[in-house]
Amino acid sequence: MASTSDPTAQQAEPLPGRRKFFSLLTYGLGAVAAALVGIPFVGYLFGARKAPVKWVVLGPVADFPLNETRLVNFDSPLRQPWDGMVAFTGVHVRYQGREEKETDEGKGYKFLVLAINCAHLGCPVEWFAESGLFMCPCHGGVYNANGEHASGPPPRGLFPCVYRVTRVRGLNVLEIQAPHFPTLHNTLQHPA
């Protein structure tokens with residue numbers, strides 16, 4: 001046994017005080033909280049989470065007669081499990097013929113593809129071929145055949161959808177970008 005007066009005996013270092021322990025704990029938890037808040041913010045700034053563009057096949061170009069507006073319904077690929085019936089959506093499509101000059105978009109085919117949603121509150125509009133008008137049954141919005149606002153409460157015309165024509169198994173097929181519920185901020189148009 002070593003005596004207490006032995007100078008070679010090692011002395012145990014005192015444990016850190018309570019104040020020091022809580023200071024370190026506070027700094028550590030603060031760093032973890034800053035990382036949890038900062039990582040998504042930095043990801044937002046750099047656009048790290050860009051959603052892939054989803055295209056929906058509407059059918060062969062031959063299924064769309066010249067200058068005839070048709071309603072095409074489909075299941076939205078943007079659906080969520082809680083969407084229910086609203087995930088079943090549609091667009092109004094009118095084939096307007098071939099363009100004189102072929103462009104990359106549509107490969108020379110010209111279509112008018114309009115979202116089914118009214119620009120007022122999003123109710124589904126109906127096409128009336130006899131009068132050549134789209135009409136909203138909810139609040140009386142009326143649109144011309146080209147989708148422009150004619151009368152009623154909507155603040156603007158119907159929302160156009162981005163389309164393309166691709167070649168699949170020897171057929172020219174019309175596809176649209178998966179439409180989401182349009183807003184005035186994002187009009188689903190091609191960038192200029």
Side-chain angles (χ1 to χ4, degrees), residues 51 53-169 171-192:
V53 175
K54 296 181 182 181
W55 291 89
V56 176
V57 175
L58 296 183
V61 171
D63 287 354
F64 300 99
L66 185 63
N67 292 324
E68 186 178 314
T69 301
R70 291 204 167 166
L71 174 63
V72 180
N73 293 311
F74 55 90
D75 279 330
S76 174
L78 305 175
R79 73 181 312 156
Q80 298 295 325
W82 53 83
D83 284 347
M85 283 300 295
V86 296
F88 188 67
T89 186
V91 291
H92 292 284
V93 179
R94 181 180 310 122
Y95 175 48
Q96 297 177 322
R98 300 288 303 243
E99 294 179 358
E100 304 255 341
K101 179 178 101 176
E102 270 196 27
T103 60
D104 189 32
E105 171 220 326
K107 306 230 184 335
Y109 292 97
K110 187 168 167 78
F111 282 92
L112 177 65
V113 183
L114 301 170
I116 194 172
N117 308 98
C118 178
H120 179 227
L121 294 176
C123 296
V125 297
E126 295 181 39
W127 169 248
F128 292 91
E130 302 81 26
S131 59
L133 297 172
F134 292 99
M135 295 187 188
C136 178
C138 295
H139 301 106
V142 180
Y143 303 91
N144 293 324
N146 62 359
E148 291 178 358
H149 176 255
S151 69
R156 55 158 290 146
L158 292 173
F159 295 90
C161 292
V162 176
Y163 72 90
R164 70 181 182 190
V165 176
T166 58
R167 194 120 176 111
V168 178
R169 294 187 200 110
L171 291 173
N172 290 322
V173 176
L174 176 63
E175 298 178 336
I176 61 165
Q177 273 188 13
H180 55 286
F181 189 75
T183 63
L184 290 175
H185 181 68
N186 183 353
T187 61
L188 303 175
Q189 291 177 327
H190 282 292

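Residue numbers run from 1 in the order of the sequence given.
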Handout entry: Spatial distance of atom NZ (Lys110) from atom CG (Leu66) [nearest 0.5 Å]
Key = 12.5 Å
Exercise for the section: With sequence neighbours left out, write down each residue that passes side chain to side chain contact (heavy atoms under 4.5 Å, CB included) with Asn172, or none if nothing qualifies. Expected result: Val61, Tyr109, Val165, Arg167
Handout entry: Phe134: ring pair (Phe, Tyr, Trp, His ring centres under 6.0 Å) partners, not counting sequence neighbours
Key = His92, Trp127
Fill in the blank from the handout: Residues at least two apart in sequence or cross-chain that pass salt bridge (Lys or Arg N to Asp or Glu O under 4.0 Å) with Glu68, listed by chain then number, are Arg70
Practice task
Over all heavy atoms of both residues, which pair between Cys136 and Val125 is shortest? Give the atoms and the distance, please.
Solution key: CB-CG1, 4.0 Å
Practice task
Enter the distance from Thr89:OG1 to Asn117:CG here, rounded to the nearest 0.5 Å.
Solution key: 5.5 Å
Practice task
List the steps and the verdict of disulfide bond (SG atoms under 2.5 Å apart) for Cys118 and Cys138.
Solution key: CA-CA 9 Å; Cys118 178; Cys138 295; over 6 Å; no
Completion exercise
In short, Cys161 meets Val91 closest at the heavy-atom pair SG-CG1, 3.9 Å
Problem - Member of Leu71, Ile176, Leu174 meeting the side chain to side chain contact (heavy atoms under 4.5 Å, CB included) criterion with Val93 - result: Leu174
Practice task
For Tyr143 and Ala119, work out which heavy atoms get closest and say how close.
Solution key: OH-N, 3.0 Å
Exercise for the section: Please list, chain by chain and in numerical order, all residues satisfying side-chain hydrogen bond (donor to acceptor under 3.5 Å, both in side chains) with Glu148, sequence neighbours excluded. Expected result: Asn146
Exercise for the section: Apply side chain to side chain contact (heavy atoms under 4.5 Å, CB included) to Leu133 and list each qualifying residue two or more places apart in sequence or on a separate chain. Expected result: Ser131, Met135, Val142, Asn144
Completion exercise
Taken in chain and number order and not counting sequence neighbours, the residues that satisfy ring pair (Phe, Tyr, Trp, His ring centres under 6.0 Å) with His149 are none
Problem - Minimum heavy-atom distance Phe111-Tyr163, with the two atoms named - result: N-OH, 3.3 Å
Practice task
Only counting residues at least two apart or in another chain, list the ones meeting salt bridge (Lys or Arg N to Asp or Glu O under 4.0 Å) with Asp63.
Solution key: none
Completion exercise
Interatomic distance, CD@Glu175 vs CG@Leu58, rounded to 0.5 Å, equals 8.5 Å
Handout entry: Residues in side chain to side chain contact (heavy atoms under 4.5 Å, CB included) contact with Pro153, at least two apart in sequence or another chain
Key = His120, His139
Problem - Nearest heavy-atom neighbours spanning Pro154 and Gly152 - result: CD-C, 3.2 Å
Handout entry: Shortest non-hydrogen contact between Gly59 and Phe64, atoms and distance
Key = O-CE1, 4.1 Å
Exercise for the section: Please confirm whether the backbone N or O of Ala145 pairs with a side-chain atom of Arg94, one donor and one acceptor, at under 3.5 Å? Expected result: yes
Handout entry: Any side-chain heavy-atom pair of Phe74 and Val57 under 4.5 Å
Key = no
